[in-house]
Amino acid sequence: MARASTRGGSAEGRLPPPAETRFLKGTSGNPRGRPKGLVSLEAITRKFALRQQTISIGGKPQRLSALAITLQVLKAQAADGKPMATRLINELRVRMSPAEPELDGKLLLVPAPLSMEEYSARVEEQNKQAVEPGTAINLETEEFLKAVRGEPTELGQALLARHRKYHGN
């Protein structure tokens with residue numbers, strides 16, 4: 001079956017544009033082109049890194065971003081003792097960590113200097129009501145031992161009951 005001539009048109013029944021409006025040979029149809037910066041390398045990289053992919057982890061399919069997959073592989077390699085993977089993870093951590101806040105002319109308040117005696121007095125005043133950790137532990141141990149020997153104390157009986165419940169005997 002022979003095709004009908006389209007006289008230069010691209011589809012059957014379609015005519016080419018008039019000769020005076022056609023692009024000249026060797027001239028672009030988009031002379032200004034794509035503006036610079038319209039698609040940046042950063043945008044392309046971000047789009048690729050966030051693209052979801054399905055992979056099998058432990059026999060189960062999981063959807064993760066390409067970035068998450070890359071980090072998982074780097075972690076596994078670092079755990080295997082590969083120094084290059086460890087170095088890459090540290091570089092990423094440095095790049096991704098929040099920047100130090102700049103003071104930009106803001107006021108920084110510093111407490112007044114204290115002598116060693118004044119500082120010691122303030123610390124002692126703050127710690128008057130504090131319970132020493134060693135004392136509380138020893139108290140529980142003593143109460144537990146009293147309960148084991150058969151001397152009745154409420155805390156000792158509670159500690160002994162807890163011991164029997166979770167440790168048997």
Side-chain angles (χ1 to χ4, degrees), residues 30-169:
N30 186 8
R32 288 188 297 181
R34 176 180 54 84
K36 288 187 179 183
L38 186 67
V39 179
S40 67
L41 180 61
E42 182 180 335
I44 294 169
T45 305
R46 179 175 287 113
K47 184 177 178 181
F48 172 78
L50 298 178
R51 184 180 304 146
Q52 296 284 313
Q53 298 178 4
T54 304
I55 63 168
S56 178
I57 298 178
K60 297 179 183 177
Q62 291 187 0
R63 275 191 76 67
L64 296 172
S65 68
L67 178 63
I69 294 168
T70 305
L71 289 175
Q72 291 289 341
V73 169
L74 279 175
K75 284 181 191 177
Q77 289 178 349
D80 286 341
K82 297 195 176 166
M84 187 61 134
T86 305
R87 187 178 68 76
L88 285 172
I89 288 174
N90 286 336
E91 282 182 22
L92 285 171
R93 189 173 290 134
V94 167
R95 286 186 186 186
M96 301 309 283
S97 66
E100 294 287 324
E102 294 182 23
L103 293 180
D104 249 358
K106 296 177 182 150
L107 183 64
L108 177 64
L109 296 176
V110 179
L114 296 175
S115 69
M116 191 55 119
E117 292 80 24
E118 291 172 321
Y119 177 75
S120 297
R122 285 190 182 183
V123 170
E124 285 179 24
E125 184 66 33
Q126 289 173 349
N127 292 336
K128 267 187 183 176
Q129 304 300 323
V131 177
E132 297 256 347
T135 309
I137 293 170
N138 290 341
L139 178 64
E140 284 185 1
T141 304
E142 288 176 23
E143 292 294 319
F144 180 75
L145 291 174
K146 284 181 186 177
V148 169
R149 281 184 251 143
E151 299 174 26
T153 63
E154 286 184 36
L155 179 59
Q157 294 300 324
L159 289 170
L160 184 60
R162 180 176 176 268
H163 178 74
R164 287 183 177 147
K165 179 177 179 180
Y166 293 105
H167 300 288
N169 299 345

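Going from atom CD1 of I57 over to atom CD1 of I69 covers 7.5 Å, rounded to the nearest 0.5 Å. Put simply, NZ on K60 and CD1 on I55 are 14.0 Å apart, with the number rounded to the nearest 0.5 Å. The CD atom of Q53 sits 9.0 Å away from atom CG of L64, with the distance rounded to the nearest 0.5 Å. Rounding to the nearest 0.5 Å places NZ of K128 at 12.0 Å from CD of Q126. Atoms CG and CZ, on N127 and R122 in that order, are 14.0 Å from each other to the nearest 0.5 Å.
For P61 against T54, the heavy-atom pair with the smallest separation is CB-CG2, 4.0 Å.
The local environment of CD in Q52 is crowded, with over 12 non-hydrogen atoms from other residues, nucleotides or ligands closer than 6.0 Å. Annotation for R95: atom CZ does not count as buried by contact number, only 12 or fewer foreign heavy atoms lying within 6.0 Å.
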Could you go through residues 84-93 and list every donor-acceptor pair under 3.5 Å that involves a side-chain atom there, pairing it with any protein atom two or more places apart or in another chain?
| from | atom 1 | to | atom 2 | distance (Å) |
| --- | --- | --- | --- | --- |
| T86 | OG1 | K82 | O | 3.3 |
| R87 | NH1 | E91 | OE2 | 2.2 |
| N90 | OD1 | R93 | NH1 | 3.2 |
| N90 | ND2 | T86 | O | 3.4 |

